[in-house]
Colleague: 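Let me begin by handing over the structure; questions about it come next.
Here the structure is a predicted model, which means the values were calculated and not measured. Letters A, B, ... are given to chains in the order of the sequence lines, protein chains preceding strands, and every chain is numbered from 1.
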Amino acid sequence: MVKTGGMYDLLAEHPFFAGMDKGRMEVVAGCAMNERFEAGQYIFHEGESADKFYLVRHGMVALEFHVPGREQTVLDTVHKGEIFGWSWMVSPYTWSFDARAVELCRLVSLDAKCLRGKFDADNSLGYDLLRRFIPVMAERLSAARMQMIDMYGQPPDRK
Amino acid sequence: MSAKQKSESAARVVPADGLDALIRALARAGYTTIGPRVEDGAVTYRPVGSAADLPLDMVDEQGGGTYRLRASKGAGYFAHVVGPHSWKRYLYPPRQLMWRASRARSGFAVEAPEPAADKLAFIGVRACELRAMEIQDRVFDNGQFTDPGYRARRAAALVVAVNCGRAGDTCFCVSAGGGPRVEDGYDILLTEFPGKDHTFLVQAGSARGARVVKALRGGRDAGEADLRAAQRRTDAAAKAMGRELAGDAPQVLRENLEHPHWQRVAERCLNCANCTMVCPTCFCSTVEDVTALDGSHAERWRTWDSCFTTDFSYIHGGAIRRGGAARYRQWITHKLASWHEQFGTSGCTGCGRCITWCPVGIDITEEVRALAARGGRK
Amino acid sequence: MPATAATAATALPADPMVPVPYRITRVARELSDTFTVDLVPARGKAPFRFAPGQFNMLYVYGVGEVPISISGDPADGARVRHTIRAVGTVTDALRRLKKGAMVGLRGPFGTPWPLDLTEGCDVLIIGGGVGLAPLRPAIYEVLNNRDRYGKVCLFYGARTPDDILFRGELEKWRGRFDMFVDVTVDRATGRWAGPVGVVTQLIRRGGFDAYHACALVCGPEVMMRFAVPTLNEIGVANDRIFVSMERNMKCAVGFCGHCQFGGAFVCKDGPVFRYDTISKLFNVREL
């Protein structure tokens, strides 16, 4: 636990971990790493191995979908205090979109293999983390649905 | 009661031909007399010149989706109850010109017609219909805005009310709070005593009514016994009423906006809008903008509309109430529940027209009961 | 003798059903389907005063009439401004009108945004699409009296970066030190480097005192349906959320019945409602 002191503080100040038990947070901090991406830099690409998830400490990340022959499509943007990436929990553990730093981004990444190992040792830690993940997933899904219905578009009889 | 005090000052019992004298006196006083007459097999409200135009000895048999007139000797002039017309067609005509515009140099000019107020005398207004007028008074003077045309027509109209001596088969005014006894709001009130000694008790309820009643010849001043006899007539009609509107209708409707029963009503409802056209309180309207072919003139007409049409709830893109279930729910919930919030009164007088004139006989009293019984109430 | 509306307006209390001629003094294109017109009375006198959130009925000669929210500054006594999206016959006709053309105008009608009640509070202004237009007078009013309010946040969602209404003003407001502005789009196009997502996500990122905040919400009904639970979740109670409803307003004075929403006539009891007064009805379908 030599280097987790700094990571612990970074996790503790992020809303995603708000209210988490101190002992558990220390365990999670053991899997965490500080990362920095310059504006325009890709954090990962679709199809790559999803071996992490990310907390945004600073900056804005665009989640994109690449369609050949078209411009990159930004599906969603992720901001300070938010998280992204849940492919590490779902087989086959590969990213289903690209993530790009829109501006200078300071992130904390959490190593998936490390976390999965800790979950096997302590199921309640896994449960705690999932309870934090699922509302985020639900909100993103709900937002995606609202984007899909094109609510600001011209009325259906005008299209 | 003020009406009673006023009526004591001018209450007479006159032989049946006094009715004719009354109609003629009103005509002489400058009124266009409108009253019940038989037209296309039903009693409608049309101009009448004398008592001979009235449906003497005619009784209406009504039920869900049925209406038949039949002769009944000795029944009297007002033995029918209410038909497809209501007085709303005179106070709030089905088609009204709102304004005219004409193209002018660089633009257009708008002219609004002065509210015309022909002097109309309504003959044979029932208690439920007086109630309907009071309800529409609140609609067209809603605290923020007043409809000048309605107000002028209503102020000019002279009301000759009549107490019901008989309950129609679809009537439920007792439970709706609309009658059958006329209490107030009339200029002249008639109670008919048909039979061999066919007479009318004639009571005045206003100064202009009293002037007409006092001028009636023949007959005698009415006494306590006559007033009691009139009371017995309306009591009998009240007792004979076969339908009842549940007292907790507003709560039942408000609490059951999502209920499978709406779908069952929708399966029967033809969305024909008859109920809204015959209802004496339904007030919804739309406007039609008419433009001359050469564009020199344009007019805006207001016409009766119905919440049963799909276009009624149109906002850009489509109608809000797409299904028949939503439209029926809107109508009945508005009538019996929302009306209280909007105007401090129910929108229903218990006249039963919506039941009679519904082609499939949907019964407003039954639907409330079905919603309550099918248990949406918590 | 029938009077022309212009003389009637001075001689008699105006009949709220009869349009008064106004003249277009300026037309500005906002978006591909949205434009702003400035109107002044065709005869003499200055235009009416209005409160933010109110609407007018605009009549195009020989075509028809539509309800349009006022989008201008309530402190501007010289003209009345409307921002209109072409979505139907009358709004298409309005779009074809040029400077100098005449329209008929009725109103103003309806309930305003409750800017007196929100004094002392953080003010959250949440708009979607052309729903920013009825909010703009409220923004002006709040900024005209900036010291009366706490933090002021504007959250705005549009379809694409090309559909952002009042973009210049949004950028200007964003540059102020006393206002927080955030804009998101459903779909990013071109060189958009801002947030992508829905306006509810902006609310969560807000950074205001939710327990002392009032929210003014205007946009498509579905957007409002999602914005309210998000506001509740972060601590803004229903009695401090105000929404502007849209229904089929025809007469604008409560006579025609078309705009009923439960027991309310949206034209005169709304369009702005305190959310707790309509919350029971808000999620009932086809009401």
Side-chain angles (χ1 to χ4, degrees), chain A residues 14-16 18 38-41 55-67 70-84 97-105 135-159, chain C residues 31-34 85-89 91-92 95 127-133 156-165 182-207 218-227 229-230 233-234 246:
Chain A
H14 196 278
F16 183 73
E38 299 301 325
Q41 200 181 347
L55 313 183
V56 183
R57 290 178 47 233
H58 174 89
M60 174 163 91
V61 175
L63 308 183
E64 300 178 342
F65 210 69
H66 178 70
V67 183
R70 282 201 216 165
E71 270 186 89
Q72 287 288 94
T73 305
V74 180
L75 304 169
D76 200 359
T77 52
V78 187
H79 303 254
K80 180 185 168 183
E82 298 174 346
I83 65 155
F84 63 98
F97 48 81
D98 300 348
R100 175 176 55 89
V102 178
E103 52 198 11
L104 169 71
C105 287
V136 177
M137 296 166 80
E139 198 211 324
R140 296 274 164 80
L141 180 61
S142 146
R145 285 172 173 162
M146 281 174 71
Q147 284 165 264
M148 198 172 75
I149 61 168
D150 190 20
M151 60 188 168
Y152 307 122
Q154 277 278 344
D157 57 359
R158 301 267 295 189
K159 278 178 186 166
Chain C
L31 305 171
S32 63
D33 58 2
T34 307
R85 187 180 192 197
V87 290
T89 317
T91 44
D92 283 342
R95 180 157 62 162
V130 76
L132 186 57
Y156 177 59
R159 188 165 179 255
T160 72
D162 295 334
D163 297 305
I164 294 171
L165 190 61
D182 208 358
V183 176
T184 189
V185 296
D186 275 357
R187 285 195 300 114
T189 52
R191 292 201 318 230
W192 177 250
V196 176
V198 292
V199 72
T200 51
Q201 294 169 304
L202 299 184
I203 300 171
R204 286 180 199 277
R205 294 171 200 145
C218 185
E221 206 164 307
V222 55
M223 179 209 103
M224 301 198 285
R225 261 188 358 235
F226 281 89
T230 307
E233 201 188 310
I234 60 171
E246 185 177 19

Colleague: With a 4.5 angstrom heavy-atom cut-off, could you sort out which part of A:Ser142 is near chain C: side chain, backbone, both or neither?
Modeller: side chain
Colleague: Quick one: list whatever passes side chain to side chain contact (heavy atoms under 4.5 Å, CB included) with C:Met223, sequence neighbours left out.
Modeller: A:Met151, A:Tyr152, C:Ile126, C:Val199, C:Val217, C:Pro220
Colleague: Walk me through it: do A:Asp76 and A:Arg140 pass the test salt bridge (charged side-chain N to carboxylate O under 4.0 Å, His left out)?
Modeller: CA-CA 8 Å; A:Asp76 200 359; A:Arg140 296 274 164 80; 3.6 Å; yes
Colleague: How would you list, by chain and number, every residue that makes a salt bridge (charged side-chain N to carboxylate O under 4.0 Å, His left out) with A:Asp98, sequence neighbours excluded?
Modeller: none
Colleague: Can a donor-acceptor pair be found between the side chains of C:Thr89 and C:Asp92 at a distance below 3.5 Å?
Modeller: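 Side-chain D/A pair, C:Thr89 to C:Asp92: absent.
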Colleague: With a 4.5 angstrom heavy-atom cut-off, which part of A:Gln72 approaches chain C: side chain, backbone, both or neither?
Modeller: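 No part of A:Gln72 comes within 4.5 Å of chain C.
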Colleague: Using non-hydrogen atoms and a 4.5 Å limit, figure out which bit of A:Val74 sits close to chain C: side chain, backbone, both or neither.
Modeller: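 Both backbone and side chain of A:Val74 come within 4.5 Å of chain C.
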Colleague: Pick out which of C:Leu165, C:Thr91, C:Val87 makes a side-chain contact (heavy atoms from CB on, under 4.5 Å) with C:Thr34.
Modeller: C:Leu165
Colleague: Highest number of heavy-atom pairs under 4.5 Å with chain A: which of C:Ala188, C:Gly219, C:Ala158?
Modeller: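 Among the listed options, the one with the most contacts to chain A is C:Ala158.
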Colleague: Under 4.5 Å from any heavy atom of chain C, what part of A:Leu63 do you find: side chain, backbone, both or neither?
Modeller: neither
Colleague: Under a 4.5 Å cutoff for heavy-atom pairs, which residue among C:Pro195, C:Ala193, C:Gly128 has the most contacts with chain A?
Modeller: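 Maximum pair count with chain A is reached by C:Pro195.
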